[in-house]
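Contents: one structure, followed by commentary.
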Amino acid sequence: QKTLDGWKSCLLCAAFFGSLGSSFLYGYNLSVVNAPALYIKAFYNKTWIERYGEPISAETVTLLWSVTVSIFSIGGLFGALSATLIIKVLGRKGTLLLNNSFAVIAAVLLSLGEMSRSFEMLILGRLIMGVDSGIALSALPMYLGEISPKHFRGMIGQFNSILICLGVFTGQVLGMPELLGQESTWIYLFSFIALPAMLQLCVLPFLPESPRYLLMERRDEAGAEKAFQRFLGKKDVSQELEEVHMEARAQDKLHTVSVLQLLKSPAVRWQLITVIITMACYQLCGLNAIWYYTNGILREAGFTESILPYITLSTGAIETLAAIISGLVIERIGRKPLLIFGFFSMAVFFSLLTVFLNFQDRVSWMPYLSYVCILAVIASFCSGPGGIPFILTGELFEQSYRPAAFMIAGTVNWLSNFAVGLLFPFIQETLQSFSFLVFVAVCILGSIYLYVVLPETKNKTFMDISQSFAKINKMPIPSPGQEMELVLSINSDTNGKAQGATKMQTSL
């Protein structure tokens, strides 16, 4: 029980506060712009009149608003592309701490934009907040995966998803008219961004860096041992250190590989393909498109405009609840079943939603079924596809490949996000309510690929996972004899160091 309490206090603290200043802010910034949209557009018009002496045209205000929303994804892409370099220099924890400076700068720009009569400050603030999110979604899953024991790696990794959903829900709640969703208070919605960042800055410096990073990249064995001891709540961490040493010996390269080297390496080809497909499905599965229909379906069901924001809160609550349940069961059920179940369930409920949307004008109670389908799609997404792609990106690659893998995964993530935002209005205009069938196809194809290719990764070391892909990558699998040689060489190294230390103490 003492060991369990030990790892709970330090590991859970690192997972929560690491996610609070990172993935929480990503989720919050996804939803926070929705409530004050009318007030922000009015601010654009007022500023335009002050500058040019005439009201802003409808086309210009739509363009400015579209840029304000979509530039977040462009910033995310910049952040994902720069994350690898920052992580290499500052480490996982150092990158998360530095990233808070972007959040604080963005909060200041977004908060002072109205006072300064500058809509450019709002747009720049959204861009910088996107950079913050791009870096966070690379550094945080990497940090959580490397500090967790293999038996709890999925559960700790799901903090990323849970805090994204909690961030979305918080943005919805604070945007209510009774709270900050008013003309006089909407800027405080953006000021709030600084609070989670400051909380992370107060707590994270007192928590350890990733022990794998310390041992394999910094060659700091003493620091790695102390980090393992704090995270696991026990003094004897020789088994964990041995596992990291074994991984280091098994790798061809101990230095961090570049993106080009990763793309060329046959040893990780199918891991890379799997991460690219999973991350693309994460964005292209249609969840973002769901929000387009939600309010329209609620209006069809007879709900008045004044209570729509309160009912919409149910979507954020369902998201958060499903992510928490997924985090609690992931170590029992596994990553692969949850991912396949999530994507396949989304395909089923998207199909039902298509049917219900085509009949909702004829049957009075049909919009209620459509709304139930929307909630079911959201719950299905958060049960697996909403968080596990980030966990897999950390698990499928060994230490030297991991930063480059997260850079590629992040690039696919943000480009896919941008593509959905750009293309869905055209798809919807062409196909109308049948547009969801495109996402049915994506979800089914993703499920089939994962069923055929993805091995289960729960309770496995990073070396075990790499060996699971050895056959499909056409790479030799180490024989038991070779593995024993590896263990013996590590043990002899460890014993040699211990004897050296004893001799030094004797001579002193």
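For clarity, every value in this text was computed on a predicted model and none was experimentally measured.
For the pair Gln200 (side chain) and Phe17 (backbone), a donor-acceptor distance under 3.5 Å is present. Checking side-chain atoms of Gln182 against main-chain N and O of Pro177 turns up a donor-acceptor pair under 3.5 Å. Between the Ser82 side chain and the Gly79 main chain, a donor and an acceptor come within less than 3.5 Å of each other. A donor-acceptor pair under 3.5 Å links the side-chain atoms of Gln261 to the main chain of Ser258, judged by distance alone. Checking side-chain atoms of Ser447 against main-chain N and O of Cys443 turns up a donor-acceptor pair under 3.5 Å. With Ser70 contributing its side chain and Ser66 its backbone, the two residues share a donor-acceptor pair below 3.5 Å.
With 3.5 Å as the limit, one finds no donor-acceptor pair spanning the side chains of Gln172 and Ser31. In this structure, a donor-acceptor pair under 3.5 Å is present between the side chains of Ser57 and Thr60. Of the N and O atoms on the side chains of Tyr44 and Thr68, at least one donor lies less than 3.5 Å from an acceptor on the other residue. In summary, the side chains of Ser416 and Gln283 do not present any donor paired with an acceptor at a separation below 3.5 Å, with no hydrogens or angles considered. One side chain, Ser73 or Asn417, offers a donor N or O that lies under 3.5 Å from an acceptor on the other. For the residue pair Thr95 and Tyr143, no side-chain donor N or O sits within less than 3.5 Å of a side-chain acceptor on the partner.
You'll find the side chain of Phe439 stays beyond 4.5 Å of the side chain of Cys285, heavy atoms only.
Using a 4.0 Å cut-off between a side-chain N of Lys or Arg and a carboxylate O of Asp or Glu, Lys88 and Glu217 do not qualify as a salt bridge. Taking 4.0 Å as the cut-off between side-chain N and carboxylate O, Arg126 and Glu120 do not count as a salt-bridged pair. Electrostatic pairing of Arg117 and Glu50 counts as a salt bridge here, judged by a charged N lying under 4.0 Å from a carboxylate O.
Ring planes of Phe192 and Tyr28: tilted class, angle from 30 to 60°.
The side-chain tip of Arg402 does not point at the ring of Tyr213 from less than 6.0 angstrom away and within 45° of straight on.
Each of Leu396, Val257, Leu262, Ile273 was evaluated against Val268; a single residue qualifies, Leu262, per the side chain to side chain contact (heavy atoms under 4.5 Å, CB included) test.
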